[in-house]
**Student:** 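One structure coming up, written as structure tokens, with questions to follow.
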Amino acid sequence: MVFGQRIKSLLLLFTLQYPFKSGGVLGFEATWESLDSRPLPNWYDEAKFGIFIHWGVFSVPSYKGEWFWQKWGRNGDAPSTNQATEEIKAFVNKTELPQFAYADYAHRFDATLYDPEHWAGVFAQSGAQYVVLTSKHHEGFCNWDSRQAVPTSWNWNSVEVGPKRDLVGELAHSVKKTMSNQTQKPLRFGLYHSLYEWFNPLYEHDKANKFQSQTFVKLKTMPELYDIVEKYQPEVIWSDGDWDAHSDYWDSKQFLAWYATNSTVAKTGVWNDRWGKDAMCHHGSFLTCQDRYLPDKINHHKWENALTITSQSWGYDRSLTLKSYYTAEYLIHALIQTVAYNGNMLLNVGPRADGTLDPIFEERLTEIGSWLSVNGDAIYGSRPWNHTQHEPASKVFYTVSQQNKVLYALFTEWPEDSKLQLKSPVPTESTKVHMLGLPSARKESIDLRWSHRGEASKAGMTIQLPALTPRNIPCQYAWILALTGIGNLGEEDVAEEESVVS
Ligand SMILES: *[C@@H]1O[C@H](CO)[C@@H](O)[C@H](O)[C@H]1NC(C)=O
Ligand SMILES: *[C@@H]1O[C@H](CO)[C@@H](O)[C@H](O)[C@H]1NC(C)=O
Ligand SMILES: *[C@@H]1O[C@H](CO)[C@@H](O)[C@H](O)[C@H]1NC(C)=O
Ligand SMILES: *[C@@H]1O[C@H](CO)[C@@H](O)[C@H](O)[C@H]1NC(C)=O
């Protein structure tokens, strides 16, 4: 009896979470309403940090970024209306023979030193939990063996031209068997895919028809998407290049319904929001809105901050100097704000055409990794705290531990008097405070002294930070206090509070 009842309530729970199709088949329909009703798989929210990789034929010139071809023009014929076009034309004039075509670069995309095991090791050390590679960027070049499933990718894929290797498959294999240093969970694998292509004649045909025909979608884009899911089981589909047309033209909703219902990664797969001009910033397991999206308050719809280690380019760019590379401090601060406001950070590196990673990328990732190895408890699996917004902008942020027991205060500037002021937590008799990373550095008591900032029983604390030297400071750039016994930790209803505190 009891058993039967349990099954019934389990079934009820299941129906509430997952809409059944009329035929009784568990699944999603090709509507935003149905797709948006799917709960976000936990792993993605818990992961917080992933690595993005932009690699393709554009990595050969490695000059002025991955939009090189578009700025140069199909045959170097882009109108010279901007500086980038001028510079790229001059660059091609200087480095190539007169009959040069962009497709010639593909032969020099050699990937000779491509070692996906090494990449996966670097990503694991960074503390990232997932890795997203460009399977195909806007230039249309497929980084996998697309020959069978997508005949229209003939002579424009990495198995027929250039590397003569399945770049996607090799990385998928290495990434999935690599454990994260911080969480001891295997890394997850995802794929970026561009819906549109700058110079594909099939796409131009549809565009000329005002997207009333779908020749390109049926012969190129959709066969590609189904192929990469079937071959590599990506648990993130990071779509892009959608903006010219509506999701109805792209058949995006049909694909996503299949991905979430019938693919081998139906349970764990997630997708972004770039599936048509109606979708961006509205529909998706997570929102990306625009590149480097970093709101200044909590967005309760899970989102992702996709940014690149350089301020200029996603693909490798030899023309950049040190000042274009963000510092580890900048990147760690971005990670903190991202996580505190309910986002994940997807940090991009651009490998060279020969498959090597510039050591500056490795260095930045390793620095983030060592910071996370001290502070990971406040990041992985954490949740945002609704009071976060009451603190002075970009100085103090909060996260809450998974079991709702610990409040973490993340601060990005060490106060000159070593007294940290917190406006939002309500301390109680049993409040205890310590700094992450200190227990292993020092043997004595690790509890920090604190006092009420104003009236007892109201929000606000002053915390005396420990006297640390460069030898025993647990990390650089940002520090984290773990607070237990906080009075207003588990509050669901903060609307009232909000008007009082601010
Ligand atoms: C490229 O070279 C051609 C021929 O040498 C010349 O006509 C053209 O002006 C050059 N273009 C640029 C942008 O330097
Ligand atoms: C990460 O794990 C690898 C293999 O276990 C180890 O060699 C390396 O030192 C670790 N790195 C960090 C930063 O913990
Ligand atoms: C999933 O597969 C079932 C059985 O083959 C089919 O009836 C259904 O239409 C498929 N659903 C989607 C969304 O592809
Ligand atoms: C924060 O606020 C949101 C929206 O008002 C609410 O759904 C959520 O439960 C709150 N979270 C906590 C921990 O109070």
Side-chain angles (χ1 to χ4, degrees), residues 7 10-45 132 135-136 142 144-146 148-153 168-169 172 188-196 202 206 211 213-242 245-280 282-288 301-302:
I7 296 274
L10 267 176
L11 263 176
L12 182 66
L13 224 138
F14 217 53
T15 16
L16 285 177
Q17 289 206 335
Y18 293 90
F20 280 91
K21 287 197 79 172
S22 46
V25 182
L26 186 64
F28 293 92
E29 285 164 24
T31 62
W32 287 129
E33 193 189 7
S34 173
L35 293 165
D36 289 348
S37 73
R38 179 172 179 262
L40 179 71
N42 286 336
W43 78 263
Y44 178 81
D45 181 41
V132 178
S135 64
K136 181 196 84 171
C142 295
W144 79 99
D145 189 356
S146 54
Q148 293 292 313
V150 196
T152 49
S153 68
V168 170
R188 310 256 180 171
F189 183 70
L191 286 170
Y192 167 104
H193 175 269
S194 174
L195 295 173
Y196 93 144
L202 300 176
D206 288 347
F211 301 112
S213 60
Q214 285 183 302
T215 313
F216 174 70
V217 174
K218 304 286 187 204
L219 293 180
K220 189 79 171 28
T221 285
M222 279 302 142
E224 286 172 346
L225 277 171
Y226 287 92
D227 194 36
I228 56 176
V229 172
E230 276 167 355
K231 286 204 171 102
Y232 311 112
Q233 286 91 46
E235 288 176 289
V236 180
I237 303 281
W238 215 103
S239 179
D240 198 16
D242 60 310
H246 193 274
S247 62
D248 289 344
Y249 165 73
W250 292 118
D251 283 347
S252 319
K253 288 166 283 185
Q254 282 82 347
F255 165 73
L256 291 172
W258 170 81
Y259 181 65
T261 303
N262 285 342
S263 78
T264 52
V265 280
K267 291 225 160 41
T268 53
V270 297
W271 57 86
N272 69 343
D273 56 349
R274 302 187 181 185
W275 296 97
K277 53 166 93 163
D278 51 318
M280 179 79 131
H282 291 293
H283 304 290
S285 316
F286 59 91
L287 305 179
T288 66
H301 188 149
K302 186 71 193 184

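Ligands are counted one by one from 1 in listed order, and the atoms in each one are counted from 1 as well.
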**Student:** Closer than 3.5 angstrom, by distance alone: can the side chain of D273 be matched with the main-chain N or O of T288 as a donor-acceptor pair?
**Tutor:**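 Looks like yes, one N/O pair under 3.5 Å.
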**Student:** Any idea which atoms of ligand 3 are less than 4.0 Å away from a heavy-atom of A257?
**Tutor:**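 Listed by number with element: 13 (C).
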**Student:** Using a 4.0 Å cut-off to any heavy atom of F28, which atoms of ligand 3 qualify?
**Tutor:** 13 (C)
**Student:** On a heavy-atom basis, which atom in L219 and which in T152 lie closest, and how many Å separate them?
**Tutor:**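 Closest approach of L219 to T152, heavy atoms only: O-OG1, 2.7 Å.
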**Student:** According to ring pair (Phe, Tyr, Trp, His ring centres under 6.0 Å), who are the partners of F189, at least two apart in sequence or on a separate chain?
**Tutor:**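 So F189 forms no ring pair (Phe, Tyr, Trp, His ring centres under 6.0 Å) with any residue.
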**Student:** Mark up the atoms of ligand 3 that fall under 4.0 Å of a heavy atom belonging to N262, in ascending order.
**Tutor:**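 Those of ligand 3 that fall under 4.0 Å from N262 are 1 (C), 2 (O), 3 (C), 8 (C), 10 (C), 11 (N), 12 (C), 14 (O).
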**Student:** Please indicate whether any nitrogen or oxygen in T261 is less than 3.5 Å from any nitrogen or oxygen in ligand 3.
**Tutor:** no
**Student:** So, R274 and D242, do they make that salt bridge, N to O below 4.0 Å?
**Tutor:**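 A salt bridge is absent here (no side-chain N lies under 4.0 Å from a carboxylate O).
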